[in-house]
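Please read the structure below before turning to the comments.
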Amino acid sequence: MGVSGSGKSTVGSALAQRLRVAFVDADGLHPPANVAKMAAGRPLTDEDRRPWLECIGDWLADHRDGGVVSCSALKRSYRDRLRAHCPGVEFLYLSGSPELIGARLAARSDHFMPAALLRSQFDALEPLGADEPGRTIDIDQGVDAIVDTFLAG
């Protein structure tokens, strides 16, 4: 979990490979209307995200024996919705400064999410609560180090 540009897809794919489980990038599960809205520079509302979160939750429920999803899951209510589908889900929050992530987004040209929406993502972000299963790991290190740290638990 984390804001756009935090490395969710890259780290998620590496984690899934390491665990030898299925991986899905939740960006590919957005309805076309959500993609169009974000591409137009308009942030999604909670209502926009509802069917997307249900789709992700269904995927998680279908992969209870192992699977990794890269998903922003910015708000606790979103994570609660995912946990309703799969109570054992654990989150890896990829934390980084707006400056670092902004630089990553500025260098990226192959994604529908414009860098202009980054502020809205940070505004919506509710980091993992102490009572939520998961870990917060800073993205100022390599992918393998992030995966190693997460798996070390």
Side-chain angles (χ1 to χ4, degrees), residues 1-31 34-35 37-38 43-105 108 111-113 115 117-153:
M1 67 164 278
V3 298
S4 185
S6 62
K8 296 180 304 291
S9 298
T10 302
V11 171
S13 177
L15 179 60
Q17 285 180 340
R18 186 86 64 89
L19 294 172
R20 296 186 175 138
V21 298
F23 170 74
V24 68
D25 185 337
D27 283 346
L29 302 177
H30 272 293
N34 283 9
V35 174
K37 189 172 184 178
M38 288 183 284
L44 298 179
T45 65
D46 288 351
E47 191 57 37
D48 293 329
R49 287 185 177 96
R50 188 174 322 281
W52 176 64
L53 290 166
E54 291 302 314
C55 185
I56 297 164
D58 290 342
W59 189 92
L60 285 167
D62 289 343
H63 293 84
R64 286 182 196 268
D65 293 334
V68 175
V69 177
S70 64
C71 170
S72 55
L74 296 174
K75 295 183 179 181
R76 183 179 186 126
S77 63
Y78 303 165
R79 297 187 297 273
D80 289 344
R81 183 174 297 277
L82 296 176
R83 278 191 288 270
H85 287 269
C86 186
V89 71
E90 187 174 348
F91 292 91
L92 165 52
Y93 167 37
L94 297 171
S95 176
S97 71
E99 296 77 22
L100 173 60
I101 294 173
R104 287 181 174 187
L105 284 178
R108 187 165 80 174
H111 198 273
F112 59 81
M113 176 75 165
L117 288 181
L118 181 60
R119 181 76 260 151
S120 70
Q121 289 218 324
F122 272 103
D123 289 345
L125 177 64
E126 296 171 2
L128 280 179
D131 61 331
E132 290 186 272
R135 308 256 334 254
T136 298
I137 299 176
D138 200 292
I139 62 169
D140 66 350
Q141 55 192 314
V143 172
D144 287 334
I146 292 171
V147 171
D148 289 344
T149 301
F150 181 72
L151 291 175

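Just so you know, residue 1 is the first one in the sequence shown, and it goes up from there. Worth knowing before you read on, the calculation uses all heavy atoms, side chains too, and leaves out hydrogens, waters and symmetry mates.
- Counting non-hydrogen atoms of neighbouring residues, nucleotides and ligands closer than 6.0 angstrom, the CG atom of Asp65 reaches no more than 12 such neighbours.
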Check: Stepwise, does the side-chain contact (heavy atoms from CB on, under 4.5 Å) test hold for Thr149 with Gln141?
Finding: CA-CA 10 Å; Thr149 301; Gln141 55 192 314; 4.2 Å; yes

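- The CG atom of Asp25 sits 9.0 Å away from the OG1 atom of Thr10 when rounded to the nearest 0.5 Å.
- The shortest distance between side-chain heavy atoms of Val89 and Arg79 does not fall below 4.5 Å.
- You'll find the side chain of Leu125 reaches within 4.5 Å of the side chain of Pro127, heavy atoms only.
- In terms of modelled atom types and a separation under 3.5 Å, the side chain of Arg104 and the main chain of Ser6 share a donor-acceptor contact.
- Contact annotation: the side chain of Met1 approaches that of Leu128 to within less than 4.5 Å [non-hydrogen atoms, C-beta and beyond].
- In this structure, the side chains of Cys71 and Trp59 stay at 4.5 Å or more apart for every pair of heavy atoms.
- Contact check on Glu132 versus Arg83 returns a salt bridge, with a Lys/Arg side-chain nitrogen under 4.0 Å from an Asp/Glu carboxylate oxygen.
- Here the closest non-hydrogen pair linking Leu19 and Leu151 is CD2-CD2, 3.7 Å.
- The existence of a salt bridge linking Arg119 and Asp123 is confirmed by a sub-4.0 Å separation between a basic side-chain nitrogen and an acidic carboxylate oxygen.
- Put simply, CZ on Phe122 and CD1 on Ile101 are 4.0 Å apart, with the number rounded to the nearest 0.5 Å.
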Check: Please walk me through it: do Lys8 and Asp27 pass side-chain contact (heavy atoms from CB on, under 4.5 Å)?
Finding: CA-CA 10 Å; Lys8 296 180 304 291; Asp27 283 346; 5.8 Å; no

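- Nearest heavy-atom pair, Ser72 versus Trp52, reported as atom, atom and distance to 0.1 Å: OG-CH2, 3.5 Å.
- Distance CD1/Ile146 to CG/Asp138: 8.0 Å, rounded to 0.5 Å.
- Distance check: Asp140 CG to Leu94 CG gives 11.5 Å after rounding to the nearest 0.5 Å.
- In this structure, Pro31 and Lys37 have side chains that are not in contact, with every pair of non-hydrogen atoms separated by 4.5 Å or more.
- Note on Lys75 versus Asp80: no salt bridge recorded, every NZ/NE/NH1/NH2 to OD/OE distance being 4.0 Å or above.
- In this structure, the side chains of Phe150 and Val11 stay at 4.5 Å or more apart for every pair of heavy atoms.
- Here the CG-OG distance, from Leu92 to Ser70, works out to 11.0 Å after rounding to the nearest 0.5 Å.
- Take Arg135 and apply the salt bridge (charged side-chain N to carboxylate O under 4.0 Å, His left out) test, not counting sequence neighbours, and it matches no residue.
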Next item on the list: Any chance you could lay out the side-chain contact (heavy atoms from CB on, under 4.5 Å) test for Asp46 and Tyr78, step after step, and finish with the verdict?
Entry: CA-CA 9 Å; Asp46 288 351; Tyr78 303 165; 2.3 Å; yes

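- A pairwise comparison of heavy atoms in Asp48 and Pro43 identifies OD2-O, 4.4 Å as the closest pair.
- With a 4.5 Å cut-off on side-chain heavy atoms, Leu74 and Gln121 count as touching.
- A donor-acceptor pair under 3.5 Å links the side-chain atoms of Arg49 to the main chain of Leu44, judged by distance alone.
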Note to self: Working note: Arg76 + Asp131, criterion side-chain contact (heavy atoms from CB on, under 4.5 Å); need CA distance, chi angles, decisive distance, verdict.
What the structure shows: CA-CA 11 Å; Arg76 183 179 186 126; Asp131 61 331; 2.8 Å; yes

